[in-house]
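For reference, the structure discussed in these notes is given below.
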Amino acid sequence: MNCDDAEILLAGRERRIISTLFADERPFVQSESEENWRRGNVHAHGKREAMLVLAGNGSQSLNGAVYPAVPGTLLMIDRYEFHDNVYAPDWSDGRHLWLSFYDDFVNCTFDEWSGRGGAFRVRGRYVFNMKDLVRRYNAVWDDRGRIPGRIAAMELAAIIHVICCELVWNRAEMRSSAAGQPVHKEIVSALQKHIRDHHGANSTVRELAALSGYSPAHLSRLFPLYAGMTIHEYVDRCREEHYHVMRNGAASCKEIAFELGFGSVSALDHWRRTRKCEGEQP
């Protein structure tokens, strides 16, 4: 983090907010080539995110609308809102802060993008265990229908400003934890909770990688180091535990298949046979 980054992080009143709640910027009309590019480069997932532009200029999409992004632009993304999954070709060289909100903590990632070569580099990660603040952030999104959009967006931006101030104040500690082990442990723990809460549904390696911010390959190597088993093994364990709970509660196979994330009863039956869940018939 350099002095320019710190200045942007601390300048809370100068944010240009972009969200589906409220936007300071007007969306612009894309060219045909930009539309074609975005058809294959947007995604949505179950994690709330925010991006603060620290340096560079470009554009970001949000639920089909495209907005200009300059230093100070704050993009706030709710769960399952579509947004760019890589930086668009119009981005110049730049630096960005991504915030990924989990139930009790926020994962902060500083990255660097080279517009000329299309090179991406993570400059550092840090985890803040500010439970009350993170829970309030999630509560504002959850209550979005009962809070005026501009007020909700301003409160979310204020919470992010506190996090940004913490990043500046703790930058020495961030450098000392550059190895990332505390970050990895927190992320894997959050993914384990996600898998347990969903009983193995919505928990493919690709879906979990989108939630974590890691690549599927990196996450597959990282997960066993902290969970003691592979992603597939952990998903199967959570599924099997809930499978027996539902069977004991007289749930139908169709209900169980849906709850565990299988597309059909036959898929559930195949999984049962591979897991040797004996004693029940489909």
Side-chain angles (χ1 to χ4, degrees), residues 1-39 41-44 48-78 81-101 106-126 137 141 149-168 171 213:
M1 182 191 307
N2 58 33
C3 292
D4 291 337
D5 290 349
E7 184 176 344
I8 295 292
L9 290 168
L10 294 172
R13 293 185 178 181
E14 300 175 15
R15 301 274 188 261
R16 292 181 172 89
I17 296 174
I18 297 173
S19 77
T20 53
L21 296 167
F22 169 81
D24 285 319
E25 302 282 1
R26 291 184 177 273
F28 62 81
V29 178
Q30 301 180 84
S31 67
E32 184 176 350
S33 62
E34 289 171 329
E35 286 185 356
N36 290 335
W37 180 87
R38 281 198 163 87
R39 285 193 186 100
N41 291 284
V42 296
H43 67 168
R48 286 176 172 135
E49 291 183 315
M51 182 198 72
L52 177 62
V53 182
L54 302 174
N57 300 275
S59 63
Q60 284 287 327
S61 71
L62 182 61
N63 270 7
V66 182
Y67 300 88
V70 299
T73 295
L74 175 62
L75 175 71
M76 299 185 295
I77 307 164
D78 197 7
E81 290 186 340
F82 284 93
H83 56 285
D84 297 346
N85 59 6
V86 293
Y87 292 110
D90 62 358
W91 271 98
S92 61
D93 294 355
R95 299 185 303 277
H96 317 87
L97 167 65
W98 281 92
L99 305 175
S100 301
F101 291 87
V106 56
N107 180 33
C108 310
T109 304
F110 289 91
D111 72 30
E112 194 168 67
W113 170 257
S114 172
R116 289 164 293 182
F120 171 83
R121 181 169 71 94
V122 173
R123 298 164 56 213
R125 295 182 190 269
Y126 193 69
Y137 187 90
W141 274 117
R150 183 182 178 90
I151 300 301
M154 291 175 66
E155 184 171 357
L156 293 173
I159 293 171
I160 289 173
H161 180 59
V162 174
I163 295 171
C164 289
C165 290
E166 289 282 344
L167 286 168
V168 174
R171 58 188 180 275

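Hydrogens, waters and symmetry mates are skipped; everything else that's a heavy atom, side chains included, is used.
- Using a 4.5 Å heavy-atom threshold, the side chains of Asp78 and Leu21 count as separate.
- Within 6.0 Å of CZ on Arg39 lie more than 12 heavy atoms contributed by other residues, nucleotides or ligands.
- A donor-acceptor pair under 3.5 Å is absent between the side-chain atoms of Ser61 and the main chain of Gly64, judged by distance alone.
- With values rounded to the nearest 0.5 angstrom, Met76 atom CE is found 9.5 Å from Ile18 atom CD1.
- A distance of 9.5 Å separates CG in Asn36 from CD in Gln30, rounded to the nearest 0.5 Å.
- Asp90 and Ser59 share a donor-acceptor pair across their side chains, judged by distance under 3.5 Å alone.
- Between the side chain of His83 and the main chain of Glu81, a donor-acceptor pair closer than 3.5 Å is present.
- Here CD1 of Ile163 is found 5.5 Å from CG of Leu99. Values are rounded to the nearest 0.5 Å.
- Asp111 has its side chain within reach of Tyr87: a pair of non-hydrogen atoms, C-beta onward, lies under 4.5 Å apart.
- For Glu112, the side-chain hydrogen bond (donor to acceptor under 3.5 Å, both in side chains) criterion is met by Arg121, not counting sequence neighbours.
- The one candidate from Trp113, Phe110, Trp91 that meets the ring pair (Phe, Tyr, Trp, His ring centres under 6.0 Å) condition with His96 is Trp91.
- The shortest side-chain heavy-atom distance between Val66 and Pro27 does not fall under the 4.5 Å cut-off.
- Between Ala55 and Pro71, the shortest heavy-atom distance links the atoms CA-CG, 4.0 Å.
- Counting heavy atoms from C-beta on, the side chains of Trp98 and Glu49 come closer than 4.5 Å.
- Between Ser114 atom OG and Asp93 atom CG the span is 4.5 Å, to the nearest 0.5 Å.
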For Val122 and Thr109, what are the C-alpha separation, side-chain angles and deciding distance, and is it a side chain to side chain contact (heavy atoms under 4.5 Å, CB included)? CA-CA 7 Å; Val122 173; Thr109 304; 3.8 Å; yes

Verify side chain to side chain contact (heavy atoms under 4.5 Å, CB included) between Leu52 and Arg15, making sure each step is shown before the conclusion. CA-CA 9 Å; Leu52 177 62; Arg15 301 274 188 261; 3.9 Å; yes

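- Remark: Phe82 CZ is loosely packed, at most 12 non-hydrogen atoms of other residues, nucleotides or ligands lying under 6.0 Å away.
- Of the possible donor and acceptor atoms, one in the side chain of Glu34 sits under 3.5 Å from a partner among the backbone N and O of Ser31.
- Minimum interatomic distance between Leu97 and Cys164 (heavy atoms only, all atoms of both residues): CD2-SG, 4.1 Å.
- Within the 4.5 Å cutoff, the side chain of Ile77 has no heavy atoms near those of the Phe101 side chain.
- Residues Arg16 and Val70 have side chains in contact (heavy-atom distance under 4.5 Å, counting atoms from C-beta outward).
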Check the pair Ser19, Leu156 against side chain to side chain contact (heavy atoms under 4.5 Å, CB included), reporting the backbone distance first and the verdict last. CA-CA 10 Å; Ser19 77; Leu156 293 173; over 6 Å; no

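- In this structure, Tyr137 and Ala50 approach most closely via the heavy-atom pair OH-CB, 4.2 Å.
- Inter-residue side-chain proximity for Leu75 and Leu62 is flagged as met; some heavy-atom pair is nearer than 4.5 Å.
- A distance of 11.0 Å separates CD in Glu166 from NE2 in His161, rounded to the nearest 0.5 Å.
- Contact of the Ile151 side chain with the Phe22 side chain is not registered, since no non-hydrogen atoms from C-beta on lie closer than 4.5 Å.
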Take Asp84 and Arg38 through the salt bridge (charged side-chain N to carboxylate O under 4.0 Å, His left out) test and state the conclusion after the steps. CA-CA 7 Å; Asp84 297 346; Arg38 281 198 163 87; 3.0 Å; yes

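- In this structure Ser100 satisfies the side-chain hydrogen bond (donor to acceptor under 3.5 Å, both in side chains) test with no other residue, sequence neighbours excluded.
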